[in-house]
Enquirer: 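Take a look at this one; I'll ask things after.
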Amino acid sequence: MPQLPAQPRTDSGHRYLRPQDLRRLRHLFFAPRRPVEGRYAGRHASTQRGHSVEFNDYRPYVPGDEISDIDWKVYGRSDRLFIKLFEHQADMSVHLLIDASASMAYRGLDYKPADTPLSAESWLSQLPRVRTRRRATADPLANPSKYDYACLLAAAIAFLLLRQQDKAGLTIAQTGLARFIPSQGSFTHLRQLLRTMEHTQPAGEANLAQALEQLARRAGRRSVLILFSDLYEPREPILRALAAFAHRGNQAIVFHVLHADEFHLPDLPQAMFIDSETGQRLRLNVAELRRTYQERLKQHLARWSAALLARGIDHNVVSTATPYARVLERYLFRPARMR
C-alpha cells in the first residue's frame, strides 16, 4: 500500500465532513474495481501500454505497434510476435454525481423540521386521525435525508481521493446537470465541493439521463463516475446514458440510496402517500399494501442490479439507517469480483 501524506487540516464547520468523520476515515484507501487509465503521477494500476518496472501481460502484435515492444525471446520460441504490456501507475479522476431531486429530501415519517410542514418533506404522511409521532433533533445528520446521506458518502470519498493525491469533481443532477465542478486535487477544491453540497436544496426532478449525457461530454475519457441516487426515474434512459459514459473508456459505480421507510413501510394502519415531485396524493391501507409493496420493491431492485451488473457497473443498495462509514468500509474491503 502506498505511503499517504499526512492528514491535512480541514474546516470543522462543514456539514458533511466533520472532525469525527475524518478520524473514522483515516485508515481507508479508495480504489476502483478495474485498472485506471490516466497519467503517471498516482498510485493506481493502469493497463496503458508503456515501459515500467513491473511486467503485466502479453498480447499479439498488430501492424502499427512499436517494433521495440516485441518480445523477441517469445518469438524465438514460438515463431509468433507478441507485444509486452507493462503496469504503471496512474492518477484517478472521479466525478461524484448526486441526485438532488425532491424525493431525495425524504428523511423519515417521524422527522419534522421546526419550520417545515410534514407534507413538504415526505412521500408518506399519516392520516389526521392517526396520532403523529414526530422527532425533533438538534443534529439533522442524526436522522439524514437521502440527499444528506448521499452527500456524506460523496464527501468521504472526495476526502479519501484528495488525501491519496487523486482528483474529485462534483455534479448536481436537478432538472439535468444543474452544477458541474471539474475534478481537481487540492483541499481548497474540496471545500468548494462541500459548500456546493451544503447550499443545494433537493427539489423538482433530477432527470438523471440528461445529467449523465451532459457530464459525459464534459468529463473526458478514462475517469470514474460515482452516482448517488434513489433511482426513481425510468430505467432505460439512465442505462443508455451510463452505457454512453462507459463507451468513452470510463467506469461507473452506483450507490442506490433508500430510506429505511422505503425498505419496510412504517407500522401504520393507514397513510397518505404523496408524490414529492408532483404533489399527487393516494390514500391507502398500509397493512394490506405491505406484502405487495415489499415484493415489488424486491423486483425493482433486482432489475436495477441485473441491468447494471450486466453492463459492468457496480450496484450498491444502501439504507440511510446504516452508518455511512460502515457502507464505505464494506464497499472498499469487498473483493472486486463480488461488487
Side-chain angles (χ1 to χ4, degrees), residues 10 14-33 92-101 103-108 139-164 166-174 179 181 183 189-200 202 206 208 211 215 223-232 251-260 262-263 301 304 308 313-334 339:
T10 59
H14 287 296
R15 181 180 184 184
Y16 296 122
L17 193 63
R18 301 170 295 183
Q20 60 266 38
D21 301 324
L22 302 182
R23 288 193 293 270
R24 295 172 67 179
L25 298 171
R26 67 183 182 273
H27 65 289
L28 299 180
F29 183 88
F30 186 87
R33 178 172 60 91
M92 181 166 55
S93 179
V94 176
H95 300 278
L96 307 164
L97 196 164
I98 301 177
D99 179 343
S101 62
S103 65
M104 292 291 286
Y106 182 69
R107 66 172 74 246
D139 180 10
L141 295 186
N143 187 33
S145 68
K146 290 185 287 184
Y147 176 78
D148 288 333
Y149 196 85
C151 289
L152 287 166
L153 277 172
I157 292 173
F159 170 77
L160 294 177
L161 290 167
L162 272 62
R163 189 185 66 167
Q164 64 198 42
D166 289 315
K167 298 178 180 179
L170 177 66
T171 299
I172 300 295
Q174 200 172 65
R179 186 71 189 271
I181 303 176
S183 297
H189 178 68
L190 175 61
R191 289 192 285 271
Q192 181 186 7
L193 303 187
L194 294 172
R195 286 194 297 268
T196 300
M197 295 178 198
E198 293 163 4
H199 295 159
T200 299
L208 288 173
L215 174 60
S223 59
V224 179
L225 164 70
I226 307 181
L227 170 62
F228 306 88
S229 173
D230 55 15
L231 295 178
Y232 285 141
Q251 60 177 294
I253 302 166
V254 173
F255 284 93
H256 197 155
V257 181
L258 296 176
H259 192 275
E262 295 172 298
F263 286 102
L301 296 178
W304 267 114
L308 291 169
I313 299 171
D314 294 342
H315 181 230
N316 307 273
V317 180
V318 299
S319 169
T320 58
T322 305
Y324 81 93
R326 188 182 305 168
V327 168
L328 199 52
E329 287 171 344
R330 287 175 181 171
Y331 176 79
L332 296 178
F333 295 149
R334 183 171 48 175
R339 295 183 189 172

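What you see is a predicted model, and the numbers here were worked out from it, not measured in a lab.
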Enquirer: Give me the atom names and distance for the closest heavy-atom approach of S103 to K146.
Expert: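 So the minimum-distance heavy-atom pair works out to O-CE, 2.9 Å.
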
Enquirer: Can you confirm whether the side chains of D230 and Y106 place a donor and an acceptor under 3.5 Å from each other?
Expert: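 D230 vs Y106: no donor-acceptor pair found between side chains.
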
Enquirer: Taking all atoms of both residues into account, what is the closest heavy-atom pair of R107 and S145, and its distance?
Expert: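 Heavy atoms of R107 and S145 come nearest at NH1-N, 3.3 Å.
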
Enquirer: To the nearest 0.5 Å, how far apart are CD in Q192 and CD1 in I181?
Expert: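 That separation rounds to 4.5 Å.
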
Enquirer: Please tell me if the side chains of L153 and I226 come closer than 4.5 Å, counting only heavy atoms from C-beta onward.
Expert: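 Heavy-atom side-chain distance check fails, nothing below 4.5 Å.
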
Enquirer: For F255, run the ring pair (Phe, Tyr, Trp, His ring centres under 6.0 Å) check against Y324, W304, F228 and tell me which one passes.
Expert: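 Of the listed residues Y324, W304, F228, the ring pair (Phe, Tyr, Trp, His ring centres under 6.0 Å) partner of F255 is F228.
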
Enquirer: How long is the span from the CG atom in L96 to the CG atom in L225, to the nearest 0.5 Å?
Expert: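 That separation rounds to 8.5 Å.
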
Enquirer: From T196 OG1 over to I172 CD1, what is the distance, rounded to the nearest 0.5 angstrom?
Expert: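 Reported to 0.5 Å precision, the distance equals 7.0 Å.
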
Enquirer: Taking side chain to side chain donor-acceptor pair (under 3.5 Å) as the test, write out the residues that go with H256, two or more places apart.
Expert: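 By the side chain to side chain donor-acceptor pair (under 3.5 Å) rule, H256 matches H315.
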
Enquirer: Which atom pair, heavy atoms only, marks the closest approach of A168 to H189?
Expert: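 Shortest heavy-atom separation between A168 and H189 comes out as O-NE2, 2.7 Å.
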
Enquirer: Kindly compute the distance separating OG1 (T320) from NE2 (H259), expressed to the nearest 0.5 Å.
Expert: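 So the OG1 of T320 and the NE2 of H259 are separated by 4.0 Å.
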
Enquirer: Take L328 and L160, measure what side chain to side chain contact (heavy atoms under 4.5 Å, CB included) needs, and give me the verdict at the end.
Expert: CA-CA 11 Å; L328 199 52; L160 294 177; 4.1 Å; yes

Enquirer: Given 3.5 Å as the limit, does a donor-acceptor pair link the side chain of E198 with the main chain of H14, or not?
Expert: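 No; zero donor-acceptor contacts below 3.5 Å.
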
Enquirer: Please report the C-alpha distance between Y331 and V318 in whole Å, then the side-chain angles of each, then the deciding distance to 0.1 Å, and finally whether the side chain to side chain contact (heavy atoms under 4.5 Å, CB included) criterion is met.
Expert: CA-CA 11 Å; Y331 176 79; V318 299; over 6 Å; no

Enquirer: T200 versus I98: any side-chain heavy-atom pair under 4.5 Å?
Expert: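 No, every pair of side-chain atoms sits at 4.5 Å or beyond.
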
Enquirer: Looking at side-chain heavy atoms only, is the closest gap between H27 and E329 below 4.5 Å?
Expert: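 Answer yes - side chains close enough.
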
Enquirer: Taking all non-hydrogen atoms of both residues into account, name the closest pair between A252 and I313 and its distance.
Expert: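 Answer, listing the atom of A252 first, then I313: O-CG2, 3.5 Å.
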
Enquirer: Rounded to the nearest 0.5 Å, how far does CZ of R179 lie from CE of M197?
Expert: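 If we round to the nearest 0.5 Å, M197:CE and R179:CZ are 11.5 Å apart.
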
Enquirer: Run the side chain to side chain contact (heavy atoms under 4.5 Å, CB included) test on F159 and D21 for me, step by step, so that the C-alpha distance in whole Å, both residues' side-chain angles and the decisive distance to 0.1 Å come before the verdict.
Expert: CA-CA 10 Å; F159 170 77; D21 301 324; over 6 Å; no

Enquirer: Write down the atom of A211, the atom of A173, and the distance for their closest heavy-atom approach.
Expert: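 Heavy-atom minimum between the residues: CB-CB, 3.8 Å.
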
Enquirer: Does D99 use its side chain to pair, donor to acceptor, with the backbone of S229 at less than 3.5 Å?
Expert: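 Checked: no pair found.
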
Enquirer: Thinking salt bridges, do D148 and R15 make one under a 4.0 Å N-O criterion?
Expert: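 Salt bridge: yes.
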
Enquirer: Applying side chain to side chain donor-acceptor pair (under 3.5 Å), can you list everything that pairs with Y147, at least two apart in sequence or on another chain?
Expert: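 Y147 satisfies side chain to side chain donor-acceptor pair (under 3.5 Å) with no other residue.
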
Enquirer: I need the minimum non-hydrogen distance between L28 and R163, along with the two atoms involved.
Expert: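 Here L28 and R163 meet closest at O-NH2, 2.6 Å.
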
Enquirer: Starting at CZ of F29, measure out to CG of L332 and round the result to the nearest 0.5 Å.
Expert: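 That separation rounds to 10.0 Å.
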
Enquirer: Where do L208 and Y232 land on the side chain to side chain contact (heavy atoms under 4.5 Å, CB included) test, with the steps shown first?
Expert: CA-CA 10 Å; L208 288 173; Y232 285 141; over 6 Å; no

Enquirer: For T171, which residues count as a side chain to side chain donor-acceptor pair (under 3.5 Å) partner, sequence neighbours excluded?
Expert: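 None.
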
